[in-house]
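Here is the structure we will look at, set down as structure tokens.
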There are 2 protein chains.
Amino acid sequence: MSTDVLTDRQKKIARYAKAMAHPVRMYILELLSEQSCCYSGDLAEDLPIARSTLSQHLSELKAAGLIQGEIKPPKIKYCINRENFEEARALMRDFYKL
Amino acid sequence: MSTDVLTDRQKKIARYAKAMAHPVRMYILELLSEQSCCYSGDLAEDLPIARSTLSQHLSELKAAGLIQGEIKPPKIKYCINRENFEEARALMRDFYKL
DNA sequence: CAGTCATTTCGTATTTTTACGAAATACGTT
DNA sequence: AACGTATTTCGTAAAAATACGAAATGACTG
């Protein structure tokens with residue numbers, strides 16, 4: 001099918017890296033990987049950005065598969081998506097030959 | 001000094017991740033980390049993009065500090081910037097708790 | 001069922017990224 | 001000094017990322 005020189009692996013790492021490519025998103029990822037879960041509101045209180053902007057960053061992380069949201073009315077609980085986080089980790093580990 | 005909630009570490013990882021956030025740049029990084037050096041022309045032959053576009057990607061990697069160029073007339077030899085590559089690796093390792 | 005809370009979606013503006021071809025640069029060769 | 005080679009810079013266009021406030025959503029509460 002595809003005679004693309006770019007491998008799926010390279011595309012996957014690039015995709016995960018894109019999700020990590022903003023300080024606010026790294027802040028969220030670090031927080032979640034430490035304490036596993038949090039609410040959008042908790043983040044909004046700490047971060048110097050509008051709630052709507054934060055929501056966009058959460059969407060980006062969700063689209064990349066690194067986090068997932070669970071509705072706990074009236075809040076939404078965000079957690080690391082372990083499966084994909086592990087994949088990202090494995091890809092990074094291999095790339096950096098760790 | 002800075003009462004910024006975002007740490008320098010988070011900003012640094014985000015910066016390196018941004019450089020990695022494109023399949024073409026991952027292709028270049030993988031090639032260089034395997035064989036240490038190559039010329040822009042070698043890459044241009046393999047990749048399905050214009051030479052000027054490739055040059056922009058090389059600039060982005062250079063700006064992030066992950067590679068460096070050495071003039072070997074009439075070519076330019078690109079290599080991994082070991083020091084910064086190591087830093088990126090260490091940051092990724094810590095983040096992913098490897 | 002009107003009100004409240006937490007969060008997202010929408011509309012929009014600005015900036016950045018990605019891409020190309022044409023022109024410029026740098027350097028060695030004839 | 002003109003020429004060829006390798007690569008970059010410039011000009012430009014289109015797409016994506018980032019940001020905000022206002023409005024909408026979904027779910028519980030009085």
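Only a predicted model underlies this, so the values are computations on that prediction, with no experimental measurement involved. In what follows, every chain begins at residue 1, and chains take the letters A, B, ... in the order their sequences are listed. These values consider heavy atoms only, across backbone and side chains, with no hydrogens, waters or symmetry-generated copies.
Residues from residues 14-24 of chain A that place a heavy atom under 4.0 Å from any atom of DNA chain D, listed by number: Lys18(A), His22(A). The stretch residues 40-56 of chain A comes close to DNA chain C through Ser40(A), Gly41(A), Arg51(A), Ser52(A), Ser55(A), each having a heavy atom under 4.0 Å from the strand.
Within the structure, salt bridge (Lys or Arg N to Asp or Glu O under 4.0 Å) contacts touching residues 73-87 of chain B (residues at least two apart or in different chains) are Lys12(B)-Glu87(B), Glu86(B)-Arg89(B). Pairs of residues two or more places apart, or lying in two chains, that qualify as salt bridge (Lys or Arg N to Asp or Glu O under 4.0 Å) and include a residue from residues 27-39 of chain B are Arg9(A)-Glu30(B). Judged as a side chain to side chain donor-acceptor pair (under 3.5 Å), the pairs with a partner in residues 61-70 of chain B (not counting sequence neighbours) are, in order, Gln68(B)-Asn81(B).
Using a 4.0 Å cut-off, no side-chain N or O of His57(A) falls inside it from OP1 or OP2 of dA17(D).
Here CG of Leu32(A) is found 10.0 Å from CG of Leu66(A). Values are rounded to the nearest 0.5 Å.
In this structure Tyr16(A) satisfies the ring-ring contact (aromatic ring centres under 6.0 Å, His included) test with no other residue, sequence neighbours excluded. Shown here are the side chain to side chain donor-acceptor pair (under 3.5 Å) partners of Gln56(A), two or more places apart in sequence or in another chain: there are none. For Thr7(B), the side chain to side chain donor-acceptor pair (under 3.5 Å) partners at least two apart in sequence or on another chain are Gln10(B).
Evaluated for a side-chain contact (heavy atoms from CB on, under 4.5 Å) with Pro23(A), the options Leu6(B), Asp8(B), Asp4(B), Val5(B) yield exactly one hit, Leu6(B).
Residues Lys72(B) and Ile76(B) are not in side-chain contact: their nearest non-hydrogen atoms beyond the backbone lie 4.5 Å or more apart. Residues Tyr78(A) and Cys37(A) are not in side-chain contact: their nearest non-hydrogen atoms beyond the backbone lie 4.5 Å or more apart.
Running 5' to 3' along DNA chain C, contacts with non-hydrogen atoms of chain A at under 4.0 Å begin and end at dA6(C) to dT9(C).
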### Task
Evaluate the criterion side-chain contact (heavy atoms from CB on, under 4.5 Å) for residue pair Ser33(A) and Phe95(B); output intermediate values, then yes/no.
CA-CA 9 Å; Ser33(A) 71; Phe95(B) 172 65; 4.3 Å; yes

### Task
Report the C-alpha distance between Met20(B) and Arg25(B) in whole Å, list the side-chain angles of each, state the deciding distance to 0.1 Å, and finish with yes or no for side-chain contact (heavy atoms from CB on, under 4.5 Å).
CA-CA 6 Å; Met20(B) 297 171 63; Arg25(B) 293 199 292 269; over 6 Å; no

### Query
What's the verdict on side-chain contact (heavy atoms from CB on, under 4.5 Å) for Leu29(A) and Ile67(A), showing C-alpha distance, side-chain angles and the deciding distance?
CA-CA 8 Å; Leu29(A) 287 173; Ile67(A) 68 170; 4.0 Å; yes

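Helical stems in DNA chain D, defined as runs of 3 or more consecutive Watson-Crick or G-U wobble pairs with donor-acceptor distances under 3.5 Å: C:1-30 with D:1-30.
Note: CD1 (Ile28(B)) to C1' (dT7(D)) measures 14 Å, nearest angstrom. Following rounding to the nearest Å, Glu60(A) (CD) and dA19(D) (P) show an atom-to-atom distance of 12 Å.
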Contact list (N/O, under 3.5 angstrom) for nucleotides 25-30 of chain D vs protein:
none

Counting only pairs under 3.5 Å, give me each side-chain donor-acceptor contact of residues 42-55 of chain B, with atom names and distances, residues two or more places apart or in other chains.
{"residue": "Asp42(B)", "atom": "OD2", "partner": "Tyr39(B)", "partner atom": "N", "Å": "3.3"}
{"residue": "Asp46(B)", "atom": "OD2", "partner": "Tyr27(B)", "partner atom": "OH", "Å": "3.3"}

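Counting all heavy atoms, side chain and backbone alike, Ala19(B) lies closest to Leu61(B) at O-CD2, 3.7 Å.
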